[in-house]
Amino acid sequence: MTLLLGCIADDFTGATDLAALLARSGLPVALRIGIPQEKRDPNETAAFEVIALKCRTSPVDIAVEQARQAFDWLKAAGASRFFWKYCSTFDSTAEGNIGPVADMLITETNTAQTIYCPAFPENGRSVFMGHLFVGEQLLSESPMKDHPLTPMRDSGLMRLLTPQVAGAVGLANRNIVSKGPTALRAKLAQLSSDGIRHVIIDAICDDDLRTIAAASFDMPLLTGGSAIAGQLPQFYTQQGLVGLSEHRQVLPKVTGGSIVLSGSCSAMTRRQVANYAGKVASLRLDPIALAQDGAGAALEWLRQQSPDTPKLIYATAEPDDVRQAQEKLGREKAGQVVEAALSEIARGAFRHGTRRFVVAGGETSGAITQALGVIHLAIGREIAPGVPWTFATIGGETIALALKSGNFGSETFFSEAFDRLETA
Ligand code: ADP
């Protein structure tokens, strides 16, 4: 299959979000966790290949090296256009890694210029006159100002990017974008002839994103959030880059037991767990008991359930309970104990015949996919914006996985997820 776009994402749930938006096109999308070690099989290359790295806050040299290896793999797999995906809130430290990785990719793709388009209007992220807004607030006044790893205290993208890159940073503002793709292309060409390699682009709505995609879909390197990437497939189709036979992705039908495993304590997950616990057999995990006695009791509970009945196992708790566990065990240990237990339970559930897994929690999803030995996911139907069903093969068996980070989805997400899979 023609590889239309090779994508490198700087974290795991960001990669899933990107994959989901690309999959809206109906074209095949593959997500690979970490730099693929397996030899590339050209017959298995999807139209969109996404490599999920975990390098958002890594030291610059490590992030650049990982991205370079991902680039090499994608290029060898046949990619000639590349996408560098970062967060729609431009999460990065003063050193990087958005700029340094983009600089490296500009050199590797032998191009003169790239664009930076983090805007995701559907999720309230917009860029106006080079400033990033979260809803109606400037980024620097939004809760992102207190992020534990990447506090964003400046909303000016030109100021944020300039120290991270070699050379000048330019802006194509909303006045240009609103004039349409031809005017935008002319602006990019003019900036390029002025020697400007890095161009921030304003976007406040999906129409802006469509204009930007129309003007830039054929550039060798694009960078941004998932929303601009989601606009690209229509232009590849219009340009005849997609063969008709490549249009529909054939996804496996997965039967077998189902389970929801939740390690997220975010507000929306708490509501989702409360909702689903009232409908199916459920078991609550207590981190303090897990730290003392391990996951044996939970595995025993699982063995007593019929593989076919839907079930829920969760460590999800109210903030006070989380605080108590953290005071007793330490913040890191409490998290590790829960992640280790849910990983063991996921492996036990697989042995017990479970083939459909819904996992709540970004870190939890990382731990469980790793424990199950998942390295390659095919992307299926979206359950909620940014949360698709995915499919993987482990031990010769196909499983379906829905990986949901904290606040995604509605209150009935867990039941909706299984309904969606049945009718896929
Ligand atoms: P989210 O996507 O909502 O941020 P994550 O899985 O990324 O969820 O993070 C939640 C973290 O909280 C995980 O490390 C998990 O192991 C930990 N955790 C889950 N339940 C509890 C609990 N009851 N007490 C303390 N920590 C918990």
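First listed ligand is number 1; within each ligand, the first listed atom is number 1. Hydrogens, waters and symmetry mates are skipped; everything else that's a heavy atom, side chains included, is used.
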S.K.: Can you confirm, on distance only, whether ligand 1 has an N/O atom lying under 3.5 Å from any N/O atom belonging to T364?
M.R.: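 Yes; at least one N/O pair falls below 3.5 Å.
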
S.K.: Under 4.0 Å between a Lys/Arg side-chain N and an Asp/Glu carboxylate O for D208 and R174?
M.R.: yes

S.K.: Over 60° means perpendicular and under 30° means parallel, so classify the ring planes of F217 and Y236, tilted if in between.
M.R.: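 Rings of Y236 and F217: perpendicular, as their planes differ by over 60°.
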
S.K.: So if I count the atoms of ligand 1 from 1 in the order they appear, which ones are less than 4.0 Å from some heavy atom of P287?
M.R.: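 The atoms of ligand 1 under 4.0 Å from a heavy atom of P287 are 22 (C), 23 (N), 24 (N).
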
S.K.: Could you tell me which atoms of ligand 1, counted from 1 in the order shown, lie closer than 4.0 angstrom to a heavy atom of A317?
M.R.: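 Per the distance check, 23 (N).
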
S.K.: Has E332 got more than 12 heavy atoms of other residues, nucleotides or ligands less than 6.0 Å from its CD?
M.R.: no

S.K.: At less than 4.0 angstrom from any non-hydrogen atom of G362, what atoms of ligand 1 do you find?
M.R.: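 Checking each atom against G362, I get 1 (P), 2 (O), 5 (P), 6 (O), 7 (O), 8 (O).
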
S.K.: What protein heavy atom is closest to atom 13 (C) of ligand 1, reported as residue, atom name and distance in Å?
M.R.: E339 OE2, 3.5 Å

S.K.: Atom 8 (O) of ligand 1: which protein heavy atom is closest, and how many Å away?
M.R.: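 Minimum-distance protein heavy atom for atom 8 (O) of ligand 1 reads G361 CA, 3.4 Å.
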
S.K.: Nearest heavy-atom pair of A371 and S343: which atoms, and what distance?
M.R.: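 Residues A371 and S343, closest heavy atoms: CB-CB, 3.5 Å.
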
S.K.: Evaluating non-hydrogen atoms only, which member of G366, G335, A315 is closest to atom 23 (N) of ligand 1?
M.R.: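 Of the listed residues, A315 has the closest heavy atom.
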
S.K.: Salt-bridge test for R68 and E65: reply yes if a basic N is under 4.0 Å from a carboxylate O, no otherwise.
M.R.: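 Here R68 pairs with E65 in a salt bridge, since their nearest N and O are under 4.0 Å apart.
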
S.K.: Got the closest protein heavy atom to atom 4 (O) of ligand 1, with its distance?
M.R.: S266 OG, 4.1 Å

S.K.: Would you call D10-R56 a salt bridge at under 4.0 Å N-O?
M.R.: yes

S.K.: At a 4.0 Å threshold, what atoms of ligand 1 neighbour a non-hydrogen atom of C265?
M.R.: 19 (C), 20 (N), 21 (C)

S.K.: Tell me if the CD atom of Q238 is crowded by more than 12 foreign heavy atoms within 6.0 Å.
M.R.: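 More than 12 heavy atoms, drawn from other residues, nucleotides or ligands, come within 6.0 Å of this atom.
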
S.K.: Within a distance under 4.0 Å of any heavy atom of G263, pick out the atoms of ligand 1 and give their elements.
M.R.: 6 (O), 10 (C), 11 (C), 12 (O), 13 (C), 15 (C), 17 (C), 18 (N), 19 (C)

S.K.: Are any of the N/O atoms in S405 less than 3.5 Å from those in ligand 1?
M.R.: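 No: no nitrogen or oxygen of S405 is under 3.5 Å from one in ligand 1.
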
S.K.: Is any NZ, NE, NH1 or NH2 atom of the basic residue among R271 and E318 found under 4.0 Å from an Asp or Glu carboxylate oxygen of the other?
M.R.: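 No salt bridge links R271 with E318.
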
S.K.: Kindly say whether the aromatic ring centers of F128 and F133 come within a distance under 6.0 Å.
M.R.: no

S.K.: Any N or O on V322 sitting closer than 3.5 Å to an N or O of ligand 1?
M.R.: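 Between V322 and ligand 1 (N or O atoms, distance only) the closest approach is not under 3.5 Å.
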
S.K.: With a cut-off of 6.0 Å (strictly less than), are more than 12 heavy atoms of other residues, nucleotides or ligands near CD of E136?
M.R.: no

S.K.: Atoms of ligand 1 less than 4.0 Å from E363 heavy atoms?
M.R.: 5 (P), 6 (O), 7 (O)

S.K.: Do any N/O atoms on S264 end up under 3.5 angstrom from N/O atoms on ligand 1?
M.R.: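 Yes, S264 has an N/O under 3.5 Å of an N/O on ligand 1.
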
S.K.: Can you confirm, on distance only, whether ligand 1 has an N/O atom lying under 3.5 Å from any N/O atom belonging to Q336?
M.R.: no

